[in-house]
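Below is one structure; the comments refer to it alone.
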Amino acid sequence: MQVHFSPSMKSITISTSNGLLDYMKVKVAARHFSYRTLFYSVLALAFLLPFVFITTALVTLENVSKCSTNDCFGRKFSPRFSRLDSTPRDSRRFHSLLLGAVNEGLPDGLKVPESFDELLADVRTNHLDARTSVMKLKAMVDLLEQRAKAAKLQEALYKHFASTGIPKGLHCLALKLTTEYSSNARARQELPSPELVPCLTDNAFLHFVVATDNILAASVVVSSTIRNAGEPWKIVFHVVTDIKTYAAMHAWFALYPLPPAIVEVKGVHQFDWLTKDHVPVLEALETHNNILWYYHGDHFAATDLNDSPRLLAAKLQARSPKYISILNHLRIYLPELFPELKKVIFLDDDVVVQCDLSPLWDIDLEGKVNGAVETCRGDDTWVMSKTLKTYLNFSYPVISQRFDPDKCAWAYGMNIFDLEAWRKTDITDIYHFWLKQNIDSNLTLWRLGTLPPALIAFDGHVHSLDPSWHMLGLGYQPKSNIESVRKSAVIHYNGQAKPWLDIAFPELRPFWTKYVSYSNEFIRHCNILES
């Protein structure tokens with residue numbers, strides 16, 4: 001390399017020697033440095049070099065034992081913990097440590113830190129290497145996951161017990177109305193009045209059926225249907241309840257009628273043919289030891305921590321004692337309960353009707369018996385993703401050889417039944433047959449309530465309704481689309497979070513409470529509050 005100074009000293013030329021770098025000679029030789037450029041360069045270095053020196057000295061002299069920054073913490077445990085995210089090589093090393101922790105069991109006697117701060121203190125105090133630190137981190141995460149799962153299990157159990165119990169206010173309401181029935185002649189008056197009795201079997205009217213022992217829920221179903229009807233004078237409501245609630249239910253609708261609609265209240269004991277002698281499978285449901293243990297036994301013992309919270313909640317809900325109640329199986333006897341009627345709409349007691357349902361009577365069911373909304377398609381992937389394999393145990397040949405596991409399921413809650421078409425089938429006998437099969441199989445063909453045997457019995461007899469008629473899932477999760485809730489004809493609080501319970505979802509409960517008269521004297525005396 002050669003350096004040439006011009007005679008005027010105004011420039012300095014640097015050039016390479018002859019040889020392999022001749023090409024660079026032209027490039028380099030063309031570079032000139034003026035005095036002014038050189039002056040500013042030296043001036044900049046004069047400012048920067050002291051700063052670099054002082055910073056380097058401070059970092060070198062820093063007391064590492066009192067680190068408070070991530071960089072300092074990294075230098076203390078160098079090279080294993082030094083700026084793990086600074087280079088791809090460090091990231092790969094850290095990833096390798098994590099994979100090793102996943103595949104390696106925890107050593108015996110390892111002290112598990114309770115928090116991340118405790119982990120850092122342990123690493124700092126005991127000068128742990130990276131591998132030991134990662135193993136402790138894994139142990140801490142595993143412990144926290146177990147505690148979170150246990151908390152979810154406990155929450156699901158509490159919700160289950162809350163949903164299966166009777167709230168104090170509802171129990172009080174039933175007692176006060178029963179007392180009123182015995183002491184007030186007006187509460188015992190005939191329902192409906194004698195001149196309206198012929199309407200109960202007149203097919204020119206629109207007949208609705210609800211079977212429940214919940215007085216407040218029944219009042220919401222009936223009042224919401226009538227208030228939103230286009231022609232309420234055409235509505236006849238048949239409210240069916242059990243013997244213990246009959247007096248209170250009768251008193252409520254006698255004291256607070258809903259004209260011009262007609263309301264009838266009947267107890268199961270008033271249907272002479274509906275006895276255990278005629279329907280022996282019902283007696284088996286109430287007396288079989290395995291069934292009694294399954295629905296009334298230790299629900300905690302059958303839980304599995306590995307289940308997701310939603311699956312666990314569904315399993316617990318399936319063990320609700322209501323599923324062995326005659327009221328829950330009553331809909332399978334509609335043709336016998338109402339022998340003169342041709343068509344009825346059956347509503348569950350946890351629904352709210354938000355629009356006129358009379359157009360359902362004009363729908364052509366095409367010879368099918370049951371008009372229902374299917375539950376295998378929809379925005380809600382939890383509620384609207386149900387097929388037969390969701391409910392039935394296809395590991396049994398008796399199930400797998402007869403049914404398609406991917407066939408779409410449908411929902412109870414709002415169904416229109418063609419009773420004339422039903423009477424021409426053996427649906428009820430098939431239902432009884434499969435109930436007995438499940439009892440004989442120790443409840444292993446299905447474990448999810450009363451819908452599975454209905455899915456079997458009505459197979460081939462279901463007409464799919466537009467989903468806008470019936471929106472489900474308001475008792476499972478609070479994430480229901482509020483706009484869809486507003487637009488649906490019937491909203492269904494199926495799930496544990498019933499709207500009359502304290503565990504109801506606050507954003508969904510008002511759609512139900514708007515039909516409750518909180519100024520009513522019985523409701524006020526029983527301290528049933530809107531929120």
Side-chain angles (χ1 to χ4, degrees), residues 189-212 214-241 246 249-267 270 327 330-331 334-335 337-365 370-373 412-420 422 465-466 468-471 488-493 511-512 514-517 520:
Q189 65 183 338
E190 188 176 348
L191 284 179
S193 56
E195 66 273 12
L196 295 177
V197 169
C199 300
L200 299 178
T201 56
D202 189 344
N203 285 290
F205 288 81
L206 309 180
H207 294 268
F208 293 83
V209 181
V210 59
T212 180
N214 187 327
I215 300 163
L216 195 62
S219 72
V220 169
V221 175
V222 176
S223 63
S224 65
T225 304
I226 295 171
R227 283 171 55 179
N228 291 294
E231 299 175 317
W233 55 87
K234 286 187 176 181
I235 289 181
V236 176
F237 242 104
H238 306 268
V239 181
V240 184
T241 189
Y246 172 76
M249 189 75 74
H250 187 105
W252 176 270
F253 286 103
L255 294 172
Y256 308 107
L258 295 165
I262 300 170
V263 178
E264 173 195 31
V265 177
K266 292 199 72 172
Q270 294 174 322
L327 290 175
L330 199 66
R331 71 196 86 197
L334 288 175
L337 290 173
F338 307 101
E340 297 90 356
L341 298 183
K342 297 180 179 179
K343 189 177 288 188
V344 299
I345 287 181
F346 191 96
L347 298 171
D348 278 0
D349 65 356
D350 53 356
V351 306
V352 174
V353 177
Q354 301 190 123
C355 76
D356 183 19
L357 297 185
S358 60
L360 285 172
W361 264 264
D362 299 326
I363 293 178
D364 182 8
L365 297 182
N370 178 6
V373 169
Y412 267 153
M414 195 286 295
N415 305 84
I416 181 164
F417 291 108
D418 185 338
L419 301 186
E420 285 189 308
W422 190 337
L465 299 178
D466 188 282
S468 63
W469 283 110
H470 184 192
M471 182 176 182
S488 297
V490 175
I491 54 175
H492 193 172
Y493 291 84
F511 293 95
W512 185 84
K514 66 188 290 186
Y515 295 101
V516 178
S517 177
N520 179 278

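- With values rounded to the nearest 0.5 angstrom, Leu419 atom CG is found 11.5 Å from Lys342 atom NZ.
- Considering CG of Leu347 and CE of Met414, their distance stands at 7.5 Å, rounded to 0.5 Å.
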Exercise. Run the ring pair (Phe, Tyr, Trp, His ring centres under 6.0 Å) check on Phe338 and His238 step by step: do they pass?
Worked result: CA-CA 10 Å; Phe338 307 101; His238 306 268; 4.8 Å; yes

For this session: Start with the C-alpha distance between Val209 and Phe417, add both sets of side-chain angles, then the distance that settles side chain to side chain contact (heavy atoms under 4.5 Å, CB included), and finish with yes or no.
Result: CA-CA 11 Å; Val209 181; Phe417 291 108; over 6 Å; no

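- Residues Val352 and Phe511 fail the side-chain proximity criterion, which asks for heavy atoms closer than 4.5 Å.
- Rounded to the nearest 0.5 angstrom, Ile215 CD1 and Thr241 OG1 are separated by 7.5 Å.
- In this structure, Ile226 CD1 and Glu231 CD are separated by 14.0 Å, a value rounded to the nearest 0.5 Å.
- A distance of 13.0 Å separates CD1 in Ile235 from SG in Cys199, rounded to the nearest 0.5 Å.
- Pairing each heavy atom of Ser488 with each of Met471, the nearest pair is OG-CB, 3.3 Å.
- The two residues Asp202 and Ala204 have their closest heavy-atom pair at OD1-N, 2.9 Å.
- Looking only at distances, a side-chain donor or acceptor of Asn415 sits under 3.5 Å from a matching main-chain atom of Gly413.
- In this structure, the side chains of Val263 and Trp252 stay at 4.5 Å or more apart for every pair of heavy atoms.
- Taking each heavy atom of Pro257 and Ala254 in turn, the nearest pair found is CD-O, 3.7 Å.
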Exercise. Going through the checks in order, is the side-chain hydrogen bond (donor to acceptor under 3.5 Å, both in side chains) test met by Thr212 and Asn214?
Worked result: CA-CA 5 Å; Thr212 180; Asn214 187 327; 5.5 Å; no

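- With hydrogens and angles ignored, the 3.5 Å screen pairs no side-chain donor or acceptor of Asp349 with any backbone N or O of Ala217.
- At least one donor-acceptor pair closer than 3.5 Å links the side chain of Asn228 to the backbone N or O of Ser224.
- Proximity of Leu357 to Phe208: side-chain heavy atoms (C-beta onward) are separated by under 4.5 Å at one or more points.
- When atom types are taken as modelled, the side chain of Asp348 and the backbone of Asp350 share no donor-acceptor pair closer than 3.5 angstrom.
- Between Asn203 and Lys343 the shortest heavy-atom distance is OD1-N, 4.4 Å.
- Side chain of Gln354 to backbone of Ile491: no donor-acceptor contact under 3.5 angstrom is found.
- With contacts defined as side-chain heavy-atom distances shorter than 4.5 Å, the pair Trp512/Leu216 qualifies.
- A distance-only check finds a donor-acceptor pair linking the side chain of His250 to the backbone of Gln189 [under 3.5 Å].
- Within 6.0 Å of NZ on Lys266 lie more than 12 heavy atoms contributed by other residues, nucleotides or ligands.
- Of the inter-residue distances, the one linking Thr225 atom OG1 with Leu206 atom CG reads 11.0 Å to the nearest 0.5 angstrom.
- For the pair Arg227 and Tyr515, the cation-pi criterion (under 6.0 Å, within 45° of the ring axis) is not fulfilled.
- Minimum heavy-atom separation, Tyr412 to His492: O-CE1, 3.4 Å.
- Leu360 is listed as a side-chain neighbour of Ile345, based on a closest heavy-atom distance under 4.5 Å.
- At least one side-chain heavy atom of Trp469 sits less than 4.5 Å from a side-chain heavy atom of Ile363.
- Closest of all the heavy-atom pairs between Cys355 and Ala489 is SG-CB, 3.2 Å.
- The side-chain heavy atoms of Phe237 and Val221, taken from C-beta on, include a pair separated by under 4.5 Å.
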